[in-house]
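If you read the sequence from its start, that first residue is 1, and numbering goes on from there.
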Amino acid sequence: MAPKRGPPSSSSSANGGPARKRHHGGKVASEAEKDVFWYPTLNTPPPDNYTPGMMLLLKKALNASRSRGKTRRAGLCWDRAIYICGQPWDRGWGCGYRNFVMACSGLVEQQEQPMYFALLDSPISLVYVIFNCYDPQGAAQLSPLVGTSKWIGVSDLYTAFSCRGIPCELVDFNYKRSFGGNEALMKWVVNHFSTPKMPIILQDGLHSRTVVGFEEVDSTTFNLLVFDPSRYLLSILTTL
């Protein structure tokens, strides 16, 4: 799924997705209340699980690799994208939420469509968004959501952004069944990052990641460059 910096949209559609398992627990609710939505223009230090500046490090690494002849070409998303990893309390189910927050932090920061700030400058309740929009199937599957450890997928995020009038695109690749699907996915990613754009949220089964670019090593080897919220950065990277 690719959020865009285009003008607000007035209509879209969303897919229902598979049924979610229901998990409830006071610990999830109490920890979620402490979770902070942060973006660089805030006059406060980032939370421990937020790492701004990773795109600049990635760009530097790719330029060095290209100069050594190890990278043929590469493309990256908007350079202020932030890496956000999960917390111990949402490990195993919170990837969709963390990818959603990564997209929101970028859309709040970008200046092409400043009206997005008012839509996304505070933590968003997907329950409110889905119940007050046009996805009754999704609402039925997710209810209740707050205080539980249910996973959310790209179709839910598509609904959330669309309900807020933020244009995005939901694309399905059947890349598990054929190599042609892999090739189609890579071509789409390369085309998307031909100019700096917002990151892509890629869901593979029950896990999702934020794609921030691609690297072409040779004619047969492509790498997707991802921010995986289930991975924790080495402490040396967070201090560079």
_I'd like to know if the side chain of Asp35 pairs up with that of Tyr97 as donor and acceptor (distance under 3.5 Å, no hydrogens or angles considered)._
yes
Quick one: does [X]'s side chain have a donor or acceptor within less than 3.5 Å of a partner on [Y]'s backbone?
X      : Y      : value
Thr159 : Ser155 : yes
Ser65  : Leu62  : no
Gln110 : Leu107 : yes
Asn63  : Lys60  : no
Tyr83  : Asp228 : yes
His192 : Met198 : yes
Lys197 : Cys77  : no
Asn99  : Cys95  : yes
Trp188 : Glu183 : no
Arg164 : Leu119 : yes

*Stepwise, does the side chain to side chain contact (heavy atoms under 4.5 Å, CB included) test hold for Trp93 with His207?*
CA-CA 8 Å; Trp93 60 268; His207 187 49; over 6 Å; no
Using side-chain heavy atoms (C-beta onward) and a distance below 4.5 Å, is [X] in contact with [Y]?
X      : Y      : value
Glu109 : Pro40  : yes
Ser162 : Cys168 : yes
Tyr39  : Phe117 : yes
Thr210 : Ile200 : no
Ile166 : Tyr116 : yes
Gln87  : Asp48  : no
Asp90  : Arg98  : yes
Met102 : Pro229 : yes

Residue pair [X] / [Y]: nearest heavy atoms and the distance that separates them:
X     : Y      : result
Gly86 : Asn49  : O-CB, 4.3 Å
Pro88 : Tyr232 : N-OH, 3.9 Å
Trp78 : Gly106 : CZ3-O, 3.4 Å

*Nearest-0.5 Å distance that lies between atom OG in Ser105 and atom CD1 in Ile84*: 4.5 Å
*salt bridge (charged side-chain N to carboxylate O under 4.0 Å, His left out) against Asp79, all qualifying residues, sequence neighbours excluded*: none
Let me have the donor-acceptor pairs involving side chains of residues 212-220, under 3.5 Å, with sequence neighbours excluded, atom names and distances please.
from   : atom 1 : to     : atom 2 : distance (Å)
Glu215 : OE1    : Asn223 : ND2    : 3.0
Glu215 : OE2    : Thr71  : OG1    : 2.5
Glu216 : OE1    : Arg73  : NE     : 2.3
Glu216 : OE1    : Arg73  : NH2    : 3.4
Glu216 : OE2    : Arg72  : NH1    : 3.2
Asp218 : OD1    : Thr220 : N      : 2.9
Asp218 : OD1    : Thr220 : OG1    : 3.0
Asp218 : OD1    : Thr221 : N      : 2.9
Asp218 : OD1    : Thr221 : OG1    : 3.1

*Begin with the C-alpha distance, continue with both residues' side-chain angles, and end with the deciding distance and a verdict on side chain to side chain contact (heavy atoms under 4.5 Å, CB included) for Arg231 and Cys85.*
CA-CA 6 Å; Arg231 303 288 183 175; Cys85 67; over 6 Å; no
*If you draw a 6.0 Å radius around CZ in Arg66, do more than 12 non-hydrogen atoms from other residues or ligands fall strictly inside?*
yes
*Consider only side-chain heavy atoms of I, L, V, M, F, W and Y, link residues closer than 4.5 Å, and tell whether Ile82 and Leu42 are in one cluster.*
yes
*In the single-linkage hydrophobic clustering (I, L, V, M, F, W, Y; side-chain heavy atoms under 4.5 Å), do Val211 and Leu56 co-cluster?*
no
*Please find out if less than 6.0 Å separates the ring center of Phe37 from that of Tyr50.*
no
*Are Phe161 and Phe100 close enough that their ring centers fall under 6.0 Å?*
yes
*Would you check, one step at a time, whether the test side chain to side chain contact (heavy atoms under 4.5 Å, CB included) holds for Lys187 with Phe222?*
CA-CA 10 Å; Lys187 285 182 177 179; Phe222 279 84; over 6 Å; no
